[in-house]
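Below is one structure; the comments refer to it alone.
Lettering follows sequence order; numbering is per chain, from 1.
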Amino acid sequence: MADPPTPLPRRLWDALASLELTLISLALLMALVLLCTLAQTRLGIFGAVQIYMRSFIVWWQVPALPFRLPVFPGGVLVGLMLLFNLTAALIKRFDFTWGKSGLWIIHAGLILLIAGEFSSGAFQVETNMNIEVGQTVNFTESSRDIELTITHSKDPSHDQIYSIPASLLRRSESIAVPGTPITLRVKRYFENATLAMREQTDPASLATAGVGADVKVVAQPVVVSDNEMNQTSVFVEPVLKGQSFGTWLVSPGLAAPQTFVDEGQTYAMAMQHRRYYLPYSITLKDFRHDVYAGTDIPKNFSSLVHISHPAKNEERDVLIYMNQPLRYEGRTFYQASYGKEGKLSILQVVQNPGWTLPYISCGIITLGLLLHFGLTLRRSLQQRRAA
Amino acid sequence: MQKTNSLFLTSGLALAAALGCNRDQVQSTRVEKAAPAAMPPGHPPMGTPPAAMPAGAVPPPPQPTGGQALQWLLPKGWTTAQAGGMRFATLKPPAQGNAEVSVVTLSGPAGGELANVNRWRAQLGLPPIEAAGLASLRKVVQSKAGTVAVFEFANSGSRMVVGLLSTPAGNTWFLKLLGEDVPVNHAKPDFMKLLGTLSLG
């Protein structure tokens with residue numbers, strides 16, 4: 001009598017926990033790393049990582065076709081596959097004996113390592129702080145992400161700024177701005193565009209108010225390389241209490257904000273690098289660019305900054321220099337670059353709630369390896385003595 | 001074991017959903033009024049980086065409208081770069097510090113003199129003025145391109161000198177020297193000379 005067929009869920013579970021899936025995932029990861037590295041020459045680091053590593057699927061736009069073809073699993077998909085595979089294997093082969101404890105600890109460390117990478121991908125925010133000597137700054141800026149801001153001049157000393165990320169503009173037709181009577185209708189969104197003065201022969205602009213009425217907007221291919229920036233532009237129609245205030249062009253290519261007034265309240269719209277405001281401010285007191293004597297070879301870059309945190313009643317100086325970042329309130333400030341003949345310091349600011357996970361997981365894996373090696377050695381020595 | 005499998009698969013789906021969810025939303029922040037300069041120092045330029053050009057008589061930048069393009073003679077030590085977007089050009093004085101000239105053109109009256117004056121004053125945190133107050137603020141520079149109306153404003157360590165020119169073709173040109181008080185004051189004599197060299201090519 002033949003054995004009954006294995007139920008489908010059981011077969012799926014076995015496949016998910018199989019060593020074959022581990023090997024396939026690792027091979028795919030190696031191929032992705034190779035492809036991503038090669039792609040960096042034409043796409044830059046950011047573009048290549050976005051396309052190959054921070055995606056579920058690697059797509060290929062065939063020139064002759066109107067749609068993209070999936071050609072390879074992306075880093076997110078392969079990583080999830082490996083994460084589930086390792087976890088399933090851990091559960092399926094759960095055999096909590098002292099002899100296997102090293103292996104379990106190694107598995108747990110690997111799972112934590114992969115989970116840490118997902119945490120970084122999902123929650124890490126990388127920004128810059130560009131600060132000149134003597135200047136005080138209380139925000140950092142994304143070098144990639146763009147936002148549309150509506151600045152409401154409420155009182156003489158402060159502004160209320162409403163920030164709408166470009167990613168929200170991209171996929172929305174209408175955006176209600178919380179805390180205001182404004183609803184923003186998105187008429188047309190350009191991920192990248194050039195602006196030029198409109199000729200008489202050009203078709204009418206979508207804009208009916210502001211300088212945008214005189215401007216021609218031409219869509220451009222999206223750029224992803226490290227030294228290029230998309231000029232994200234959008235036509236929007238502010239509507240307040242059912243009344244339209246016209247259609248406006250908002251773009252970083254416009255030199256001035258686009259301003260409209262409702263019942264004496266002034267609202268200014270502009271596109272800018274996405275800002276992250278801090279509850280404290282940083283003043284650059286001094287920047288040093290040391291070189292080796294008699295040469296132009298850089299020896300050290302350092303920024304002497306002053307942190308002022310009124311809520312914590314904290315006032316102190318900190319020296320940030322190469323390999324010695326400032327870690328403060330969940331953010332890490334690295335000395336990244338400089339400009340303006342040494343008057344401008346550029347700090348890279350990284351906020352990653354899971355930054356400790358790689359260190360913890362490496363520690364766990366090391367512990368597991370040592371334990372497994374020690375247990376195997378002891379077993380081998382015991383067998384040798386017994387023989 | 002079946003229960004463990006279900007729990008594991010559910011957790012996996014929840015993780016995938018969490019990774020897929022979007023954190024982007026409208027945010028509101030109350031901040032102190034921005035410094036008068038529109039761009040923070042060191043702000044990376046957006047769009048194609050301009051290429052520096054040597055000082056001297058500069059060739060006419062690309063034609064912005066159907067009319068004639070503006071030309072000028074660049075003071076010694078200054079550099080010019082053709083800027084993207086609405087900026088026709090950006091001029092940099094040699095003086096140390098934060099100061100630069102933006103050249104922008106718009107077709108038509110571009111809102112008129114009073115509206116622009118009040119817009120510039122607002123950029124520096126100054127209150128608006130009435131039409132009657134315009135004459136006392138306006139200086140005039142004669143050039144081959146026409147009469148240039150010049151306005152100067154200063155507030156909180158920032159200074160702005162703006163030349164406003166209306167051409168026969170109906171274009172309005174703005175040449176705005178903006179930055180910190182000291183470098184703008186240092187560059188101002190050369191900037192005024194530059195306004196006197198404007199011509200339509």
Side-chain angles (χ1 to χ4, degrees), chain A residues 9 13 76 80 83-84 87-88 91 118 121-122 128 130-132 135 137-139 141 143 153 156-165 167-168 175-179 194-200 211 214-215 227-229 231 251-256 259 273 275 277 339-341 343-344 346, chain B residues 1-2 4-5 8-9 11-12 15-16 18-35 38-49 62-66 83-88 96-98 102 104-108 110-111 119-120 122-123 125 171 174 176:
Chain A
W13 176 248
V76 173
L80 277 177
L83 182 66
F84 290 161
T87 313
I91 294 169
F118 276 108
N128 289 327
N130 303 325
I131 182 168
E132 284 192 60
Q135 192 188 12
V137 173
N138 69 340
F139 59 85
E141 287 183 309
S143 59
S153 301
S157 61
H158 287 80
D159 287 330
Q160 193 72 31
I161 297 179
Y162 302 93
S163 310
I164 306 168
S167 51
L168 193 56
I175 300 167
V177 182
T194 54
L195 308 189
M197 297 309 294
R198 200 168 62 81
E199 305 276 357
Q200 287 181 340
V211 296
D214 289 317
V215 174
N227 56 356
E228 290 181 290
M229 170 60 75
Q231 187 162 269
S251 166
L254 299 177
T259 304
H273 290 272
R275 285 187 181 179
Y277 287 93
K340 293 197 172 182
E341 298 171 343
K343 290 184 175 177
L344 171 75
I346 300 173
Chain B
M1 187 66 174
Q2 196 65 37
T4 309
N5 292 358
F8 173 67
L9 289 172
S11 305
L15 174 63
L19 290 171
C21 77
N22 201 309
R23 291 174 292 150
D24 289 337
Q25 53 190 332
V26 181
Q27 291 183 337
S28 172
T29 316
R30 185 173 184 267
V31 297
E32 282 187 39
K33 281 203 181 293
M39 300 276 278
H43 194 290
M46 306 187 76
T48 309
Q63 195 81 357
T65 69
M86 286 294 293
R87 279 200 184 192
F88 187 70
Q96 298 288 316
N98 184 17
S102 61
V104 174
T105 181
L106 295 172
S107 61
R119 182 168 61 84
W120 296 325
Q123 284 177 20
N171 295 327
F174 306 95
K176 181 160 69 178

Heavy-atom closest pair, residues B:Ser28 and A:Gln160 | OG-NE2, 2.7 Å
Between B:Val26 and A:Ala176, what is the shortest heavy-atom contact and its length?
->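 Of all heavy-atom pairs spanning B:Val26 and A:Ala176, the closest is CG2-O, 4.4 Å.
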To the nearest 0.5 Å, what is the distance between [atom1] on [X] and [atom2] on [Y]?
{"X": "A:Asp159", "Y": "B:Glu32", "atom1": "CG", "atom2": "CD", "answer": "10.0 Å"}
{"X": "A:Glu132", "Y": "B:Asn98", "atom1": "CD", "atom2": "CG", "answer": "6.0 Å"}
{"X": "A:Ser167", "Y": "B:Gln25", "atom1": "OG", "atom2": "CD", "answer": "10.5 Å"}

Under 4.5 Å from a heavy atom of chain B, the part of A:Tyr162 involved | both
Non-hydrogen atoms of chain B under 4.5 Å away: do they reach the side chain of A:Ser153, the backbone, both or neither?
-> both
